[in-house]
Amino acid sequence: MVIRDPEEGQQMQKREKSFGIQMLSVQPDTKPKGCAGCNRKIKDRYLLKALDKYWHEDCLKCACCDCRLGEVGSTLYTKANLILCRRDYLRLFGVTGNCAACSKLIPAFEMVMRAKENVYHLDCFACQLCNQRFCVGDKFFLKNNMILCQTDYEEGLMKEGYAPQVR
């Protein structure tokens with residue numbers, strides 16, 4: 001697991017810090033370590049090591065949703081003295097944008113499709129002439145900043161003065 005402290009803009013690369021989180025087996029012959037979350041001794045079979053501190057598995061949690069960070073993925077984030085899961089980090093600090101098809105807001109935590117510099121809601125990623133939705137691996141074309149299926153793209157190439165209208 002990795003802890004990151006991403007910053008906005010170009011400074012992100014300079015200030016991003018990654019820390020590994022290790023799940024360690026507690027050795028019975030060692031002195032119990034103190035938990036950074038609750039300040040009690042860790043007597044469990046396993047403990048987590050993150051940010052050069054030791055944690056009970058139940059104590060390393062997202063500050064917003066309270067999920068156990070050792071279970072939700074391989075990355076967690078810190079910012080503004082908060083330890084966060086990916087979803088809450090993006091919800092609080094992520095960059096939002098607008099869908100190139102419907103122009104509605106896309107929350108930072110939502111899955112998207114990209115075509116060059118355009119970003120789309122998953123439901124909006126469809127041929128803008130026939131509304132055919134694309135699946136993973138389907139071929140699509142970007143012509144005059146419009147997403148087209150192969151059929152509509154090829155029909156447009158055959159026509160003179162190709163200028164499709166958005167329906």
Quick one: list whatever passes side-chain contact (heavy atoms from CB on, under 4.5 Å) with Lys41, sequence neighbours left out.
Pro32, Lys43
Give every donor-acceptor pair under 3.5 Å between a side-chain atom in residues 106-119 and any protein atom, sequence neighbours left out.
residue: Asn118; atom: ND2; partner: Tyr120; partner atom: OH; Å: 3.2
residue: Asn118; atom: ND2; partner: Asn145; partner atom: OD1; Å: 2.8

Checking Tyr54 now: which residues fulfil ring pair (Phe, Tyr, Trp, His ring centres under 6.0 Å) with it, not counting sequence neighbours?
none
When rounded to the nearest 0.5 Å, the distance separating NZ of Lys61 from CG of Leu84 is 14.5 Å
Applying side chain to side chain donor-acceptor pair (under 3.5 Å), name anything that partners Gln132, two or more places apart in sequence or on another chain.
none
Cluster partners of Leu105, using ILVMFWY side-chain heavy atoms under 4.5 angstrom, listed by chain and number?
none
Using 0.5 Å steps for rounding, measure from the NZ atom of Lys143 to the CD atom of Gln128.
14.5 Å
Donor-acceptor contacts under 3.5 Å from residues 97-104 side chains, at least two apart:
none

Please enumerate all residues that pass side chain to side chain donor-acceptor pair (under 3.5 Å) together with Glu154, with sequence neighbours excluded.
Gln150
Looking at CG of Asn39 and SG of Cys59, how far apart are the two atoms once the value is rounded to the nearest 0.5 Å?
9.0 Å
Kindly indicate, with the supporting measurements, whether the criterion side-chain contact (heavy atoms from CB on, under 4.5 Å) is fulfilled by Leu48 and His56.
CA-CA 6 Å; Leu48 297 175; His56 288 107; over 6 Å; no
I need the Leu129 CG to Thr151 OG1 distance, nearest 0.5 Å.
11.0 Å
As a quick check of understanding, evaluate side-chain contact (heavy atoms from CB on, under 4.5 Å) for Arg87 and Tyr89, giving each step before the final call.
CA-CA 6 Å; Arg87 181 176 175 89; Tyr89 171 79; over 6 Å; no
If I take atom SG from residue Cys64 and atom CG from residue Leu82, how far apart are they, to the nearest 0.5 angstrom?
6.5 Å
Quick note, salt bridge (Lys or Arg N to Asp or Glu O under 4.0 Å) partners involving residues 126-138, not counting sequence neighbours, are Asp123-Arg133
Is there a path of hydrophobic side-chain contacts, each under 4.5 Å between heavy atoms of I, L, V, M, F, W or Y residues, that connects Leu142 with Tyr153?
no
Specify the closest pair of heavy atoms between Cys85 and Cys62, including all atoms of both residues, with the distance to one decimal.
N-SG, 3.4 Å
Before you tell me yes or no, could you show the steps for Glu57 and Trp55 under side-chain contact (heavy atoms from CB on, under 4.5 Å), namely the whole-Å CA-CA distance, both residues' side-chain angles and the distance that decides it to 0.1 Å?
CA-CA 6 Å; Glu57 290 180 87; Trp55 308 77; over 6 Å; no
Would you compute the distance between atom CG of Asp58 and atom CG of Leu69 and round it to the nearest 0.5 angstrom?
11.5 Å
Side chain to side chain donor-acceptor pair (under 3.5 Å) partners for Asp88, two or more places apart:
Arg91
Who passes ring pair (Phe, Tyr, Trp, His ring centres under 6.0 Å) against Phe134, sequence neighbours left out?
Phe125, Phe140
Is any side-chain heavy atom of Glu71 closer than 4.5 Å to a side-chain heavy atom of Arg68?
yes
Write out all pairs satisfying salt bridge (Lys or Arg N to Asp or Glu O under 4.0 Å) with one or both partners inside residues 94-103, taking only residues at least two apart or from two chains.
none
